[in-house]
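What follows is a short report on a single structure.
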Amino acid sequence: MKKISGIQKRWMFNNLSIVVLLVVLCIVAVSLSFTMYYYSSMRAGLESKARTTTDFFSNSIGQSYSEYYQSCILMAQTFEEKDRLELQFVSPTGRIVASSYGQWGGQDPETSDIREAVETKEIAYFSGRNPVTGERIMAVSSPMVYTNGEVIGVMRFVTSLRNVDRQIAMVTGLSVLVGVIFVAFIMFSGRFFIRSIIEPVAEITATAKRISAGSYGVQIQKKFDDEIGELADTINDMSVKISQAERMQSEFVSSVSHELRTPLTAISGWSDTLLSAETMDPVETRRGMLIILSETRRLTSMVEELLEFTRMQDGRFTLNVQTADIRAAFEDTVFMYGSRLKQEGIELQYLENDDEIPEIPCDVSRLRQVFLNILDNAAKHGGEGRRITASISREDNAVVVRIRDFGPGIPEDELPHVKMKFYKGSSKARGSGIGLAVCEEIVTMHGGQLTLENADGGGTLVTIRLPMGQEP
């Protein structure tokens with residue numbers, strides 16, 4: 001037998017226990033209601049009959065005891081409801097004078113209603129077990145009082161509660177049956193509902209375990225458009241993103257390994273060449289040293305980029321904010337990088353304007369890093385267009401920098417992902433895939449925004465929007 005646990009157990013011991021308790025309370029309430037209704041109706045009927053009969057009998061008899069006795073016997077013998085009621089005439093001392101069941105109607109009653117009727121001269125009531133026979137009965141005793149106030153006797157109606165108790169038992173049994181059916185229905189429907197939750201959750205749990213074990217990218221079949229369906233969508237999205245991150249990280253490791261190997265190969269090769277040569281032409285020596293220096297700087301730049309990324313990941317990436325002339329910093333970067341691009345046959349065109357751009361609070365060295373990275377990306381990925389434009393302007397309460405290349409642009413399906421760490425897409429250009437992620441982090445820390453889009457007419461447009469007048 002399968003052990004009940006988890007959600008089923010909580011449902012069984014919480015919700016179902018409350019339902020069972022409510023059903024039991026309803027059964028008790030129904031039983032008590034019917035018991036009170038039957039007993040009160042029977043009592044009211046007996047009291048009404050006793051009152052009416054007593055009044056009639058008192059007006060029909062004379063003052064002598066013999067007349068009273070003969071009248072009692074006659075009325076008991078002619079009593080028409082003897083099949084369901086027993087009519088008794090009892091003396092004030094509790095002895096039966098006459099009974100509708102005959103001369104030997106039974107032993108003298110020992111219930112409290114007779115004594116109470118004699119003492120109070122009012123109708124008295126008794127319900128319970130007959131002390132003599134043990135049978136459950138209901139009795140109503142009505143005193144018969146002469147005009148002088150003396151109680152000459154008691155007229156008593158007695159009926160068995162067997163049929164009434166049987167009716168109450170039937171009602172209680174029916175109530176119990178209905179309650180059991182109701183609880184069974186609740187259990188069946190509840191277990192069906194719980195199963196509709198447990199099975200998808202179990203499937204989601206199994207898939208999550210597969211993902212945690214390394215099966216990135218697996219998907220859960222969505223069966224419901226509710227919270228469970230939403231959870232499945234979330235797990236599926238997480239699985240896809242983890243798969244993408246894992247793939248990009250692998251590509252990043254491969255790319256960095258390749259990027260490091262290329263300059264190291266050049267440095268190692270030229271170092272061996274210079275060391276092994278007995279005589280070296282000064283021009284050739286200078287050429288080799290320049291290559292070694294260039295590749296060393298390239299390695300240093302890559303290591304610094306990786307260090308910046310690790311600082312950004314662990315929260316140690318900070319800004320040194322000071323008020324600076326952002327236009328001057330941007331123009332210096334453009335003119336410096338433009339000279340280098342000219343050697344590669346790429347024109348970097350600065351689009352001047354007359355906007356007055358005030359000094360803003362910023363980390364100018366970090367922003368230079370952003371400008372250089374964007375310009376370098378434009379040269380690497382859009383260099384075949386042989387032209388790059390750069391501009392800085394003031395728009396509303398922000399400084400806006402735009403850098404555009406005239407290359408092939410970015411495929412539309414890759415555009416939403418290009419700022420993600422490790423992402424390189426279909427580009428074959430060298431790079432680690434973390435430069436844009438670092439740039440966006442710097443711009444965001446300045447309270448700004450960095451966006452990439454394909455420009456009209458071709459190429460990629462990068463827009464950097466920095467706020468003025470507030471420190472990041």
Side-chain angles (χ1 to χ4, degrees), residues 252 256 259 297-341 348 350-351 355 357-381 388-405 418-424 429-453 460-472:
F252 167 74
V256 169
E259 292 292 329
R297 287 175 176 172
R298 180 179 168 190
L299 282 173
T300 302
S301 176
M302 290 178 60
V303 171
E304 288 178 350
E305 189 177 67
L306 290 172
L307 288 175
E308 294 285 6
F309 178 73
T310 57
R311 291 191 190 100
M312 183 180 73
Q313 291 295 99
D314 60 20
R316 293 183 293 113
F317 196 85
T318 57
L319 299 179
N320 181 21
V321 179
Q322 295 179 351
T323 302
D325 188 344
I326 189 65
R327 181 197 285 272
F330 180 68
E331 290 177 348
D332 290 344
T333 305
V334 170
F335 291 135
M336 178 191 69
Y337 200 77
S339 301
R340 173 183 167 184
L341 292 181
L348 176 54
Y350 177 61
L351 305 178
D355 292 353
I357 301 177
E359 294 183 346
I360 65 171
C362 64
D363 187 333
V364 69
S365 62
R366 293 290 191 189
L367 290 180
R368 284 180 185 270
Q369 178 184 348
V370 173
F371 301 150
L372 281 171
N373 193 291
I374 300 301
L375 288 170
D376 188 58
N377 280 345
K380 285 190 297 184
H381 302 287
I388 299 173
T389 62
S391 67
I392 184 170
S393 60
R394 176 176 180 174
E395 297 179 7
D396 298 327
N397 196 36
V399 177
V400 180
V401 172
R402 291 185 174 89
I403 298 174
R404 176 189 174 181
D405 65 62
V418 291
K419 292 187 290 183
M420 294 173 59
K421 57 185 179 182
F422 311 138
Y423 188 82
K424 293 186 64 177
R430 59 181 175 83
S432 62
I434 61 176
L436 278 177
V438 174
C439 289
E440 183 174 45
E441 180 69 15
I442 294 173
V443 173
T444 302
M445 291 179 69
H446 280 82
Q449 185 180 14
L450 186 150
T451 58
L452 288 89
E453 58 186 324
T460 302
L461 174 63
V462 180
T463 303
I464 302 169
R465 188 176 298 272
L466 299 169
M468 295 190 302
Q470 60 180 29
E471 295 196 6

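In what follows, residues are counted from 1 in the order of the sequence shown.
Contact between Tyr337 and Leu372 at its shortest, heavy atoms only, is CD1-CD2, 3.8 Å. Shown here for Val370 and Val443, the closest heavy-atom pair between the two residues is CG1-CG2, 4.2 Å.
Contact annotation: the side chain of Arg340 approaches that of Asp376 to within less than 4.5 Å [non-hydrogen atoms, C-beta and beyond]. The shortest side-chain heavy-atom distance between Ile403 and Leu461 does not fall under the 4.5 Å cut-off. Side-chain contact check for Thr323 versus Ile360: every heavy-atom pair is 4.5 Å or farther apart. Counting heavy atoms from C-beta on, the side chains of Met468 and Arg394 come closer than 4.5 Å. Ile392 is listed as a side-chain neighbour of Tyr350, based on a closest heavy-atom distance under 4.5 Å.
At least one donor-acceptor pair under 3.5 Å links the side chain of Asp325 to the backbone N or O of Arg327. In this structure, Asp405 contributes its side chain and Ile388 its backbone to no donor-acceptor pair below 3.5 Å. In this structure, His446 contributes its side chain and Asp363 its backbone to a donor-acceptor pair below 3.5 Å.
Within the model, atoms CD of Glu441 and CG of Leu450 stand 11.5 Å from one another, a figure rounded to the nearest 0.5 Å. With rounding to the nearest 0.5 Å, the separation of CG in Leu367 from CZ in Phe330 is 11.0 Å. Rounding to the nearest 0.5 Å places CZ of Phe371 at 11.0 Å from CD of Glu331.
For the salt bridge (Lys or Arg N to Asp or Glu O under 4.0 Å) test, no residue two or more places apart in sequence or in another chain qualifies with Glu453. Remark: Thr463 engages no residue in a side-chain hydrogen bond (donor to acceptor under 3.5 Å, both in side chains) (not counting sequence neighbours). Shown here are the side-chain contact (heavy atoms from CB on, under 4.5 Å) partners of Gln449, two or more places apart in sequence or in another chain: Thr451. With sequence neighbours excluded, the residues forming a side-chain contact (heavy atoms from CB on, under 4.5 Å) with Ser393 are Asn353, Asp355, Glu395, Val400, Arg402, listed by chain and number. Remark: Asn373 pairs with Glu305, Asn377, Cys439 by the side-chain contact (heavy atoms from CB on, under 4.5 Å) rule, at least two apart or across chains. Evaluation of the salt bridge (Lys or Arg N to Asp or Glu O under 4.0 Å) rule for Arg368 yields Asp332 as partners, not counting sequence neighbours. For Ala324, the side-chain contact (heavy atoms from CB on, under 4.5 Å) partners are Cys362, Val364, not counting sequence neighbours.
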Audit row: Leu348, Val334, side-chain contact (heavy atoms from CB on, under 4.5 Å) steps and yes/no: CA-CA 8 Å; Leu348 176 54; Val334 170; 3.7 Å; yes
Verdict with supporting geometry, Arg404 and Val462, side-chain contact (heavy atoms from CB on, under 4.5 Å): CA-CA 6 Å; Arg404 176 189 174 181; Val462 180; over 6 Å; no
